[in-house]
Chemist: 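Once you've had a glance at the structure underneath, I'll fire off some questions.
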Amino acid sequence: MDWKSAMMAAVAAGLGALIGGLAVPSLGGVVPDHQADSKLLEMSVGILREPARTDDDPMRSWAIKVVEKKSGVAFTDPQRAALLKRASGGR
């Protein structure tokens, strides 16, 4: 291997290391935190399992939004209304 090839290989390796070092940390904001997502979803489902009370409408609305966002599936209006007003012991 001549000195030009060796120099080009060294420069390419250095650039690759530099770009890789900069790109990996920046992906932290792009790649979703699946553990946090699953905890939010678990908490939301727990809220919606409990019987509705008169003072928990804001929390139930929030839980419905989280389930819709994290699952990618929207509830219909009747389903959303049923979840907001879910009676004790009912499904």
Side-chain angles (χ1 to χ4, degrees):
M1 179 185 273
D2 64 9
W3 72 273
K4 286 183 180 181
S5 297
M7 183 61 92
M8 290 297 286
V11 169
L15 283 174
L18 178 65
I19 292 170
L22 295 174
V24 170
S26 68
L27 289 176
V30 175
V31 177
D33 185 355
H34 294 291
Q35 187 173 7
D37 286 350
S38 67
K39 290 293 184 186
L40 280 172
L41 190 56
E42 183 180 331
M43 187 169 56
S44 299
V45 170
I47 290 169
L48 295 173
R49 277 190 185 141
E50 294 296 317
R53 298 185 322 247
T54 57
D55 63 341
D56 69 352
D57 276 354
M59 287 305 298
R60 293 183 75 81
S61 295
W62 172 84
I64 290 169
K65 288 177 188 174
V66 169
V67 171
E68 288 178 325
K69 182 174 182 179
K70 301 303 177 190
S71 71
V73 179
F75 292 112
T76 63
D77 288 338
Q79 291 168 333
R80 194 175 294 107
L83 286 169
L84 283 171
K85 306 298 181 208
R86 183 168 176 243
S88 176
R91 273 190 152 206

Chemist: Nearest 0.5 Å, what's the NZ-CD distance between Lys70 and Glu42?
Modeler: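 Lys70 NZ to Glu42 CD: 14.0 Å, rounded to 0.5 Å.
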
Chemist: Tell me, with the steps shown, if Arg80 and Asp77 meet side-chain contact (heavy atoms from CB on, under 4.5 Å).
Modeler: CA-CA 5 Å; Arg80 194 175 294 107; Asp77 288 338; 2.9 Å; yes

Chemist: Shared ILVMFWY cluster between Val66 and Met43, side chains joined below 4.5 angstrom?
Modeler: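 Val66 clusters together with Met43.
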
Chemist: Please tell me if the side chains of Val73 and Glu68 come closer than 4.5 Å, counting only heavy atoms from C-beta onward.
Modeler: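 When only atoms from C-beta onward are counted, Glu68 and Val73 do not touch, as no gap falls below 4.5 Å.
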
Chemist: Working to the nearest 0.5 angstrom, can you tell me the gap between Trp62 CH2 and Asp57 CG?
Modeler: 15.0 Å

Chemist: Does Lys69 have any side-chain contact (heavy atoms from CB on, under 4.5 Å) partners at least two apart in sequence or in another chain, and if so, which?
Modeler: none

Chemist: Say whether Phe75 and Leu41 are linked into one hydrophobic cluster, either directly or through other cluster members, by side-chain heavy-atom distances under 4.5 angstrom.
Modeler: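 Both belong to a single hydrophobic cluster.
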
Chemist: Distance from Asp56 atom CG to Ser61 atom OG, nearest 0.5 Å?
Modeler: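 So the gap between those two atoms works out to 9.0 Å.
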
Chemist: Do Leu84 and Leu48 land in one hydrophobic cluster if side-chain heavy atoms of ILVMFWY residues count as linked below 4.5 Å?
Modeler: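 Yes; Leu48 is reachable from Leu84 via cluster members.
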
Chemist: Residues two or more places apart in sequence or in another chain: which of them pass side-chain contact (heavy atoms from CB on, under 4.5 Å) with Thr54?
Modeler: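 Partners of Thr54 by the side-chain contact (heavy atoms from CB on, under 4.5 Å) criterion come out as none, since no residue qualifies.
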
Chemist: Might you point out which heavy atoms bring Ala52 and Lys85 nearest each other, and give the distance in Å?
Modeler: CB-C, 3.9 Å

Chemist: Taking Gln79 for the side chain and Thr76 for the main chain, is one N or O donor matched with an acceptor at less than 3.5 Å?
Modeler: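 Yes, the answer is positive, given that a donor and an acceptor are paired below the 3.5 Å cut-off.
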
